[in-house]
Amino acid sequence: QVQLVESGGGLVQAGGSLRLSCAASGRTFSIYSMGWFRQASGKEREFVAAITWSGSGTLYGDSVKGRHTISIDNAKNTVYLQMNSLKPEDTAVYYCAATAGANWGTRENLYNSWGQGTQVTVSS
């Protein structure tokens, strides 16, 4: 089993930056990729970004492409989401997730481990 703990959320003004972290523990050897999803109040959960555990591949959702960057530090078993040029519409709870096997992508059902989420609020 893989445990995921997110940190780094908070309140920021529009145009500002935040860096989210997701620390993985447990059976990390089983992780194939890590991803970030977000869910705004009253909306469905949305794919944000993903990265393979090796760091060789990345994916981004259209709404964050060019503004956010996902990265991984294998020595720390930690994935980061650097969020720049934040907009009020980026306000959401951000969840970290992990896939096993040779699975990765944008679909929620590919991810079998999830963190508890961290709140990001962007004020206008």
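Computed from a predicted structure; not experimentally measured.
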Atom [atom1] in [X], atom [atom2] in [Y]: separation rounded to 0.5 Å?
X    : Y    : atom1 : atom2 : result
L18  : T118 : CG    : OG1   : 9.0 Å
L110 : S33  : CG    : OG    : 8.0 Å
Q119 : T91  : CD    : OG1   : 7.0 Å
R19  : S7   : CZ    : OG    : 8.5 Å
E89  : S124 : CD    : OG    : 10.0 Å

Can you name the nearest heavy-atom pair linking [X] to [Y], along with the distance?
X    : Y    : value
A24  : L4   : CB-CD2, 3.7 Å
V120 : G9   : CG2-CA, 4.1 Å
L11  : S123 : CD1-CB, 4.3 Å

(request) Using atom types as modelled and distance alone, determine if a side-chain donor or acceptor of Y111 lies under 3.5 Å from a backbone N or O of G105. (result) yes
(message) Please check this pair: side chain of T78 against backbone of D73, looking for a donor-acceptor N/O pair closer than 3.5 Å.
(response) no
Side chain proximity check, [X] to [Y], heavy atoms < 4.5 angstrom:
X    : Y    : value
S113 : Q1   : no
V79  : W36  : yes
Q82  : N84  : yes
Y32  : N103 : no

(request) Would you sort out whether N77 and W53 count as a side-chain contact (heavy atoms from CB on, under 4.5 Å), showing the intermediate values? (result) CA-CA 9 Å; N77 290 337; W53 191 251; 3.4 Å; yes
(message) As a quick check of understanding, evaluate side-chain contact (heavy atoms from CB on, under 4.5 Å) for L86 and H68, giving each step before the final call.
(response) CA-CA 9 Å; L86 283 162; H68 298 355; 3.9 Å; yes
(message) Suppose we screen for side-chain contact (heavy atoms from CB on, under 4.5 Å). Which residues come up paired with R67, at least two apart in sequence or across chains?
(response)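 Result, side-chain contact (heavy atoms from CB on, under 4.5 Å) vs R67: V64, S85, K87, D90.
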(request) Would you please test L20 and E6 for side-chain contact (heavy atoms from CB on, under 4.5 Å) and show each step? (result) CA-CA 7 Å; L20 304 183; E6 304 98 334; over 6 Å; no
Are [Y] and [X] co-members of a hydrophobic cluster defined by side-chain heavy atoms under 4.5 Å apart?
X   : Y   : answer
I72 : M83 : yes
I31 : I70 : yes
L59 : Y80 : no

Give every donor-acceptor pair under 3.5 Å between a side-chain atom in residues 44-52 and any protein atom, sequence neighbours left out.
from	atom 1	to	atom 2	distance (Å)
R45	NE	E108	OE1	3.1
R45	NH2	E108	OE1	3.1
E46	OE1	R38	NE	2.8
E46	OE1	R38	NH2	3.3
E46	OE2	S63	OG	3.0
T52	OG1	S54	OG	3.3
T52	OG1	G55	N	3.4
T52	OG1	S56	N	3.1
T52	OG1	S56	OG	3.3
T52	OG1	G57	N	3.0

(request) Would you please classify the geometry between the W114 ring and the F37 ring as parallel, tilted or perpendicular, with 30° and 60° separating the classes? (result)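 The arrangement is tilted - the two ring planes meet at 30° to 60°.
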